[in-house]
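Each chain gets a letter, A, B and so on, in the order its sequence line appears, and its residues count up from 1.
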Protein chains: 2
Amino acid sequence: MLGYQLKHLQSALRSRMDESLRELGLSTPQYVCLEQLRRRPGASNSELARRGFVTRQTMNTLLRGLQDRGLVTRPEKAETGRALPTTLTDAGGQLLDRAAERIARIQERMISRLDSAQRERLAGDLELCIAALEEGEG
Amino acid sequence: MLGYQLKHLQSALRSRMDESLRELGLSTPQYVCLEQLRRRPGASNSELARRGFVTRQTMNTLLRGLQDRGLVTRPEKAETGRALPTTLTDAGGQLLDRAAERIARIQERMISRLDSAQRERLAGDLELCIAALEEGEG
DNA sequence: AAATCTATGTCAGAATGCTTACATGAGTCA
DNA sequence: TGACTCATGTAAGCATTCTGACATAGATTT
């Protein structure tokens with residue numbers, strides 16, 4: 001039953017995010033990617049894929065779209081190894097600012113009926129669930 | 001941040017479910033569909049779609065696959081209206097039994113680090129989040 | 001009764017993401 | 001040094017799911 005609730009909540013959250021980001025010409029996965037790049041400037045494609053819970057092929061096509069729109073940049077060749085460090089452009093950073101504000105409002109709305117103690121508990125409980133499911137394969 | 005945790009948890013849960021169901025030749029959406037049919041025998045395609053958080057087109061293709069495998073049945077024509085009431089076949093029910101047992105183990109593992117009070121709290125908190133996101137368009 | 005609205009099933013096409021596969025660069029070990 | 005392992009980037013094909021569109025059946029309104 002909890003799994004069903006999780007799916008329900010994620011579906012509702014995703015819908016709200018898509019609706020709000022559409023006005024900026026962004027999809028939810030694209031927003032997630034930009035957000036990761038702000039937290040981890042210079043991250044490689046594979047690293048972004050792991051953090052975004054998609055395959056690196058999926059992240060690759062995602063990055064190309066963002067690259068074509070001038071929101072992120074990647075060097076043609078790697079200085080060392082094969083990883084291509086990706087960074088936000090100024091335009092990407094500005095668009096991300098606008099997107100992040102919208103997403104923050106949605107997340108705030110999502111937890112608006114929880115007091116601060118409930119919010120902390122919820123985050124902690126979710127973390128315990130994640131750890132339990134991932135133990136044994138990292 | 002909570003949105004990211006939700007995605008993380010859902011991704012992990014989905015992976016475990018896919019892994020376990022693959023041995024039965026089922027995908028997670030197919031399992032969800034069968035489970036809904038057990039709870040709501042005779043449900044229409046559109047009803048199943050709403051409860052599964054997918055479009056009715058998606059549910060339609062899903063149902064056809066289950067139908068071709070003899071796991072569910074639908075009448076050719078509706079007695080009244082256009083809705084075609086779908087029901088589990090014996091084979092579908094038996095396969096669902098095996099699948100449900102596996103899924104139950106995974107969900108139990110997911111919440112294994114939470115005591116009963118935490119589990120109830122978590123379910124309640126998730127419900128509050130869902131309601132907050134859906135108020136105004138339900 | 002006729003028109004309108006709503007819900008349903010279905011088709012076609014596009015978008016999205018995954019699986020499989022391959023080539024390359026770097027580290028490890030014999 | 002050479003073989004092996006691992007991680008990365010990329011390409012091709014497939015599966016899944018969505019959007020848009022249309023026809024039909026029943027309910028509602030006029």
Residue pair A/T73 / A/T89, side-chain donor-acceptor N/O under 3.5 Å = no
Give the first and the last nucleotide of DNA chain D, reading 5' to 3', that has any atom under 4.0 Å from a heavy atom of chain A.
-> D/dT8 to D/dA11
May I ask you to say whether A/R102 pairs ionically with A/D97, meaning some side-chain N is under 4.0 Å from a carboxylate O?
-> no
What do the steps show when you test A/R56 against A/E47 for salt bridge (Lys or Arg N to Asp or Glu O under 4.0 Å), and what is the final call?
-> CA-CA 8 Å; A/R56 50 190 206 280; A/E47 187 176 351; over 6 Å; no
Does B/E35 come within less than 4.0 Å of B/R51, counting only side-chain N to carboxylate O?
-> no
Note the angle between the end axes of the helix from C/dA1-D/dT30 to C/dA30-D/dT1, five pairs defining each, rounded to 10 degrees.
-> 20°
Using atom types as modelled and distance alone, determine if a side-chain donor or acceptor of B/R74 lies under 3.5 Å from a backbone N or O of B/Q67.
-> no
Neighbours of DNA chain D within residues 73-83 of chain B, by heavy-atom distance under 4.0 Å | B/T80, B/G81, B/R82
Are A/L6 and A/L114 connected in the hydrophobic side-chain network, where two residues link if heavy atoms are under 4.5 Å apart?
-> yes
Salt bridge present between A/R14 and A/D18 (N-O < 4.0 angstrom) | yes
Would a distance-only check, ignoring hydrogens and angles, find a side-chain to backbone donor-acceptor pair under 3.5 Å from A/R113 to B/C129?
-> no
Counting distance only, does the side-chain N/O of A/E101 pair as donor-acceptor with the main-chain N or O of A/R98 below 3.5 Å?
-> no
Same apolar cluster (I L V M F W Y, side chains within < 4.5 Å links), A/L71/A/L84 = no
The single option from B/L48, B/T87, B/L34 that satisfies side-chain contact (heavy atoms from CB on, under 4.5 Å) with B/V72 is B/L34
Per-nucleotide protein contact along nucleotides 12-17 of chain C, 5' to 3', at a 4.0 Å heavy-atom cut-off (B base, S sugar-phosphate only, - neither), is -----S
Examine B/Y4 and A/L37 and state if one hydrophobic cluster contains both, with Ile, Leu, Val, Met, Phe, Trp and Tyr joined whenever side-chain heavy atoms are less than 4.5 Å apart.
-> no
Give a yes or no on whether A/R40 atom CZ has more than 12 heavy-atom contacts from other residues, nucleotides or ligands under 6.0 Å away.
-> no
Output yes when B/R105 and B/E108 qualify as a salt bridge under the 4.0 Å nitrogen-oxygen rule, no when they do not.
-> no
Within one Ile-Leu-Val-Met-Phe-Trp-Tyr cluster: A/L122 and A/I106, side-chain cutoff 4.5 Å = yes
Is it true that a side-chain atom of A/T58 and a backbone atom of A/V54 form a donor plus acceptor pair closer than 3.5 Å?
-> no
Should A/L128 and A/I130 be regarded as members of a common hydrophobic cluster, given that ILVMFWY residues are connected when their side-chain heavy atoms come within less than 4.5 Å of each other, either directly or indirectly?
-> yes
In numerical order, the residues of residues 63-71 of chain B whose heavy atoms come under 4.0 Å of DNA chain C are B/R64
Nucleic acid contacts - residues 41-52 of chain B versus DNA chain C, non-hydrogen atoms under 4.0 Å = B/S44, B/N45, B/S46, B/R50
